[in-house]
*Asks:* 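Mind having a look at this structure? Questions to follow.
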Amino acid sequence: MNNLIKVGMADLQVMSHPGVLTTLGLGSCVGVALYDPYTKIIGLAHIMLPSSENSRNNKNKAKFADTGISEVIKKMMEIGASKNAMEAKLAGGAQMFSFSSMSEIMRIGERNIIAARGKLSEMGIRIVSEDVGGNFGRTIELHSDSGKLLVKTIGHGKKEI
Amino acid sequence: MGMDFKKIDNFHIDVLREIGNIGSGNAATALAKMLNRKVDMKVPEVKILEFKDVSEILGGAENQVVGLLLGINGDINGDIMFLLGVKDAKILVNMLFGRSKDDRSNLAFDEMEVSALKEVGNILAGSYISALSTLTSLKLKPTVPELAIDMAGAILSVPAIEFGKVGDTVLFIETEFIEGEDRVSGNFFLIPDIESYDILMNALGVNS
């Protein structure tokens, strides 16, 4: 059995091959999975909010798309990954409740996805696949052997992206 | 606005404790009326969890739960959420429909059961909102509830994200309602908009 490390809410982890990084029950948060196919080093960030800039409490870098993505890349490079080789996969960013109306609380999933895509593009990292949006939760597993990202749901199937 | 987060958290805990006591009492009374039976409650507990531990409540992040979300409009804006385990929600539905408590063969919810749960959501929300109104003299009105049945972590991401804007913890009240041999435990989240914290604090006579 491979090493398995759980990534909590507003948390990020990196690891060398062989291993699996998992985050359970992603809702409106976005899981940003990074993979270096040459070294097989993987990294996973569980992002809660789009930007640290407007936040009055931005000590936890993993909480935000901008600082979380920079940080996970930095940590992967520290253990030998190359930024130029990295590929990204995104999952999550659901809208768990279907309010027809108003509030910002409802569109946060979508805003997290947009922010994650923006930051990855700014860092020059290609997004190879996504399983985002919808109105359901996801558990994801990132495998170091192939960089595959397993997405499990309740009632919306299981897939590999 | 130079509010510090510890202060917001401490303030939030005090508010939750107060509305937990009054609101849960109101809710037990309202449920008793609805069921036409005596409903007791355990003294509500205020819980504070770090984000990394959030998934530990309700049997783990992947455990299926029922979430009811309502908006609050009026002098302050925000949301409130109730979270119940699927089994607890089923017990509640069975109570409402007068079914035997052993009738738990099917943990899915049909349309009638979903609307019954939303009705309970309305009643519980009304109970907590009127407690908050009484304490603060603010005028508050709940919106129609929305229901989601999914992984605990995914549903909890909704309040967690809002709390994430001001701090690194999730605060809520855990209450248990007791009717005969049945026990239903639920978690209540009060999620004010950032702008509403000041109004809430002022209404309660706390200087921010």
Side-chain angles (χ1 to χ4, degrees), chain A residues 6-13 22-31 46-52 54-60 62-64 68 91-109 111-112 134-141 152-156, chain B residues 1-6 8-9 49-56 58 60-65 67-73 77-79 81 86 108 143-170 191-195 197:
Chain A
K6 276 189 193 175
V7 180
M9 203 177 263
D11 183 18
L12 60 85
Q13 299 286 339
T22 185
T23 194
L24 311 178
L26 269 175
S28 299
C29 299
V30 171
H46 186 141
I47 303 295
M48 294 179 89
L49 288 161
S51 170
S52 62
N54 311 319
S55 176
R56 284 183 272 170
N57 180 21
N58 52 15
K59 266 177 286 171
N60 179 3
K63 197 155 84 173
F64 307 96
Q95 180 173 319
M96 297 306 299
F97 292 88
S98 57
F99 270 104
S100 45
S101 55
M102 47 178 201
S103 68
E104 205 185 319
I105 188 171
M106 288 308 124
R107 291 203 319 275
I108 191 75
R111 289 173 47 222
N112 280 334
N135 62 351
F136 51 89
R138 293 168 173 92
T139 281
I140 57 173
E141 270 176 24
K152 293 185 270 186
T153 67
I154 296 180
H156 293 83
Chain B
M1 283 190 294
M3 281 190 278
D4 79 80
F5 310 114
K6 269 274 168 294
I8 291 181
D9 271 3
L49 289 178
E50 308 259 331
F51 290 142
K52 64 179 169 56
D53 302 323
V54 163
S55 53
E56 302 307 316
L58 292 160
E62 288 184 291
N63 203 30
Q64 205 176 8
V65 300
L68 280 157
L69 186 76
L70 301 93
I72 310 171
N73 299 315
N77 296 305
D79 295 270
M81 192 171 98
V86 172
T143 63
V144 175
E146 286 293 331
L147 180 129
I149 303 171
D150 211 312
M151 298 177 187
I155 291 180
L156 281 163
S157 75
V158 175
I161 285 171
E162 290 307 302
F163 292 141
K165 292 176 182 170
V166 286
D168 288 308
T169 49
V170 170
I191 315 157
D193 285 354
I194 293 185
E195 299 77 31
Y197 277 97

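Letters A, B, ... are given to chains in the order of the sequence lines, protein chains preceding strands, and every chain is numbered from 1.
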*Asks:* Please flag which part of B:Ala152 lies under 4.5 Å from any non-hydrogen atom of chain A: side chain, backbone, both or neither.
*Replies:*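 Neither part, no heavy atoms under 4.5 Å.
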*Asks:* With no hydrogens and no angle check, is any side-chain donor or acceptor of B:Thr143 less than 3.5 Å from a backbone partner on B:Leu70?
*Replies:* no
*Asks:* Pick one of side chain, backbone, both or neither for B:Leu147, based on which atoms fall under 4.5 Å of a heavy atom in chain A.
*Replies:* backbone
*Asks:* Tell me, for A:Asn60 versus chain B, whether the close heavy atoms (under 4.5 Å) come from the side chain, the backbone, both or neither.
*Replies:*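 Contact with chain B: side chain only.
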*Asks:* Go through the atoms of A:Asn112 and report whether side chain, backbone, both or neither lie under 4.5 Å from a heavy atom of chain B.
*Replies:*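 A:Asn112 touches chain B through side-chain heavy atoms alone.
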*Asks:* Please lay out, stage by stage, how A:Lys63 and B:Asp168 fare under the test salt bridge (charged side-chain N to carboxylate O under 4.0 Å, His left out).
*Replies:* CA-CA 9 Å; A:Lys63 197 155 84 173; B:Asp168 288 308; 3.0 Å; yes
*Asks:* Would you say the side chain of A:Lys6 lies within less than 4.5 Å of the side chain of A:Thr23, judging by non-hydrogen atoms?
*Replies:*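 No, their side chains stay 4.5 Å or more apart.
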*Asks:* Counting only heavy atoms closer than 4.5 Å, note whether A:Leu26 contacts chain B via side chain, backbone, both or neither.
*Replies:*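 When you check distances to chain B, only backbone atoms of A:Leu26 fall under 4.5 Å.
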*Asks:* Does the side chain of A:Met48 come within less than 4.5 Å of B:Phe51's, by heavy atoms?
*Replies:*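 Yes - at least one pair of side-chain heavy atoms lies under 4.5 Å apart.
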*Asks:* Looking just at side-chain N and O atoms, do A:Thr22 and A:Glu141 make a donor-acceptor pair shorter than 3.5 Å?
*Replies:* no
